[in-house]
Amino acid sequence: RPRVLSGMQPSADSLHLGNYLGALVNWVKSQDQYDAFFFVPDMHAITVPQDPAELRERTRRTAAQYIAGGIDVDQSTLFVQSHVPEHAQLAWVLTCLTGFGEASRMTQFKDKSAKGGVENAGVGLFTYPMLMAADILMYQPHGVPVGDDQRQHVELARTLANRFNHRFGETFRVPEAFIPEEGARIYDLQQPTKKMSKSAESPNGLINVLDDSKTIAKRIKSAVTDTDTVVAYDRENKPGVSNLLDILAVVSGKTVEQLVPEYEGKMYGHLKVDVAEAVVAAVEPVRERTKQLLDDPAELDRLLAIGASKAREVAARTLDEVYRNVGFLQLG
Ligand code: TYM
């Protein structure tokens, strides 16, 4: 079966609606068709300061949310990045193949280092895309299901795979980014031209999967729209309304084109009520199952240990070939 691989950083207590609709929903869909690998990139999380106890807890919580959201651990491989040391080993080789200028052009690095200045940014933040390329190329996937903001990182992984293959002989499959047509960009509810992110300026712009239903409904109902009254899809002039339509499209399984006529002659309030209801109905079971899973951390860790050993089998094979091809001395 063709393969997919993806991950989400354990850098918050809860996934947000962007993570859920932009990524997790598609991961779950991919499982029947693909041999799927989903992992928790804890090594990526330490590119910015982390509290150790919190990181441990969030790593489990993230894994629990994958399962609660529908990742089937019997069918797919679920693991934690730091449990598979080959990621760090391959990352070094790929780092040595990346140009300084090439890495400097990564928009995420530019954004994240802009605040404190490049001088003060961690080098881990700079080499992050090479670690991500290692995560991906290690498993020789056909596709990487991600939201739109990861497009450039997947593109770098493709570039590095081609470069390695060219220089050292055919070693890596060159993967495609699998970006959904709807849900790939969920925006902040208060600032609907900015993508939804855990570092939102106001918590009211953010929907966390683990928030209680009342909070979720309240935030959706107070989403920023515009002074017009017509429900229409227009990213440029009606970003708030368009965002709500996008969200509703993914959770209802309808297209935006199907939804818009349903709101003819209706006010924004109607749309908000429907979005709130649909989102609450979608994430409530995820929240409940996450809580149940977190009640038994030993069982969760057992599942992660199984996943780690399945992942290591594949990782060891790729790394072995890489080491051989770059010219590292093989003993015995
Ligand atoms: P991360 O943890 O920022 O996000 C996890 C996933 O959620 C998607 N996403 C969104 N989708 C739609 N709208 C939004 N507002 C939104 N915000 C986030 C992201 O596109 C992503 O799919 N570098 C990665 C983690 C990573 C990874 C990998 C992913 C590390 N190694 C290998 C794939 C393959 C990241 O920081 O995603």
Side-chain angles (χ1 to χ4, degrees), residues 3-12 14-28 30 36-48 58-59 61-63 65-66 69 79-82 84 87-88 90-91 94 106-109 111-112 124-125 127-158 160-161 175-200 205-209 239 242-243 246-247 249-251 311 315:
R3 192 173 278 164
V4 290
L5 167 125
S6 201
M8 312 204 200
Q9 290 198 60
S11 46
S14 171
L15 301 184
H16 61 66
L17 196 61
N19 301 140
Y20 181 68
L21 300 181
L24 189 54
V25 165
N26 294 303
W27 297 4
V28 172
S30 73
F37 285 68
F38 301 114
F39 74 110
V40 182
D42 55 345
M43 290 160 67
H44 278 88
I46 64 163
T47 55
V48 295
R58 288 173 169 178
T59 299
R61 287 174 83 96
T62 304
Q65 289 174 88
Y66 289 2
F79 66 99
V80 173
Q81 186 182 32
S82 63
V84 183
H87 287 242
L90 179 57
L94 296 177
M106 292 287 120
T107 54
Q108 182 177 296
F109 174 72
D111 292 347
K112 289 201 173 176
L125 213 52
T127 57
Y128 173 118
M130 288 73 102
L131 177 58
M132 177 160 163
D135 301 337
I136 296 171
L137 301 180
M138 186 78 85
Y139 298 92
Q140 311 277 4
H142 296 70
V144 186
V146 285
D148 189 61
D149 62 346
Q150 296 299 318
R151 196 185 286 274
Q152 194 187 29
H153 288 153
V154 179
E155 196 51 45
L156 180 72
R158 290 168 55 85
L160 293 176
E176 306 269 335
F178 286 174
I179 297 174
E181 273 186 34
E182 269 154 350
R185 251 182 188 279
I186 301 297
Y187 292 87
D188 186 291
L189 297 176
Q190 290 299 315
Q191 293 182 289
T193 51
K194 283 194 178 165
K195 74 169 183 184
M196 186 177 285
S197 127
K198 58 193 164 267
S199 49
L206 186 64
I207 301 289
N208 283 314
V209 168
S242 304
N243 191 35
D246 272 332
I247 293 171
V250 188
V251 286

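Start at 1 and go down the list; that is how both ligands and their atoms are numbered.
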Side-chain donor-acceptor contacts of residues 179-187 below 3.5 Å, not counting sequence neighbours, with atom names and distances?
unit_1, atom_1, unit_2, atom_2, d
Glu182, OE2, Val256, N, 3.4
Arg185, NE, Asp148, OD2, 2.8

Inset, instruction - Consider every N or O of Pro145 and every N or O of ligand 1, then say whether any pair is closer than 3.5 Å. - result: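 For ligand 1, there is no N or O atom that lies under 3.5 Å from one belonging to Pro145.
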Inset, instruction - Using distance alone, decide if ligand 1 has a nitrogen or oxygen within less than 3.5 Å of any nitrogen or oxygen in Gln9. - result: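 Yes - when backbone and side-chain N and O of Gln9 are compared with those of ligand 1, one distance drops under 3.5 Å.
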Output the list of atoms in ligand 1 that are nearer than 4.0 Å to some heavy atom of [X], sorted by atom number.
{"X": "Ile186", "value": "12 (C), 13 (N), 14 (C), 15 (N)"}
{"X": "Arg185", "value": "12 (C), 13 (N)"}
{"X": "Gly22", "value": "11 (N), 12 (C)"}
{"X": "Gly183", "value": "12 (C)"}
{"X": "Ala23", "value": "6 (C), 7 (O), 22 (O)"}

With a heavy-atom distance limit of 4.0 Å, tell me whether [X] approaches ligand 1 through its side chain, its backbone, both, or neither.
{"X": "Ile136", "answer": "side chain"}
{"X": "Tyr128", "answer": "side chain"}
{"X": "Ala184", "answer": "backbone"}
{"X": "Val144", "answer": "side chain"}

Legend entry - Nearest-neighbour protein heavy atom for atom 22 (O) of ligand 1, which is reported as residue plus atom name and distance: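 Minimum-distance protein heavy atom for atom 22 (O) of ligand 1 reads Gly147 N, 3.1 Å.
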Inset, instruction - Distance to 0.1 Å, residue and atom name: give those for the protein heavy atom nearest to atom 11 (N) of ligand 1. - result: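 Answer, as residue, atom name and distance: Gly18 O, 3.1 Å.
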Legend entry - Option nearest atom 3 (O) of ligand 1 (shortest heavy-atom distance, choices Gln81, Met138, Gln150, Gln108):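 Residue with the shortest heavy-atom distance to the ligand atom: Gln150.
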Legend entry - Option with minimal heavy-atom separation from atom 8 (C) of ligand 1, where the choices are Leu137, Asn19, Leu5: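 Heavy atom nearest to atom 8 (C) of ligand 1 belongs to Asn19.
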Inset, instruction - List for me each residue that meets side-chain contact (heavy atoms from CB on, under 4.5 Å) alongside Pro41, sequence neighbours excluded, and say none if there are none. - result: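 Result, side-chain contact (heavy atoms from CB on, under 4.5 Å) vs Pro41: Gln9, Pro10, Phe39, His44, Tyr66, Gln81.
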Inset, instruction - Specify whether His153 and Tyr128 have parallel, tilted or perpendicular ring planes, treating 30° as the upper limit for parallel and 60° as the lower limit for perpendicular. - result: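 Ring orientation, 0 to 90° scale: tilted.
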Legend entry - Side-chain donor-acceptor pair present, Asn208, His16, cut-off under 3.5 Å: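 No pair is found: no donor N or O on one side chain lies under 3.5 Å from an acceptor on the other.
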Legend entry - 4.0 Å heavy-atom contact, Ser6 with ligand 1: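 Checking ligand 1 against Ser6, which is what was asked, there is a heavy-atom contact under 4.0 Å.
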Inset, instruction - Might you confirm whether atom CD1 of Ile46 has over 12 heavy atoms from other residues, nucleotides or ligands at distances under 6.0 Å? - result: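 No, because the 6.0 Å sphere around CD1 of Ile46 holds 12 heavy atoms or fewer from other groups.
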Inset, instruction - Please examine the side chains of Tyr20 and Val25, heavy atoms only from C-beta on, and report whether any two atoms are closer than 4.5 Å. - result: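 A side-chain contact under 4.5 Å exists here.
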Legend entry - Heavy-atom side-chain contact between Val209 and Gln65 under 4.5 Å: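 Heavy-atom side-chain distance check passes, below 4.5 Å.
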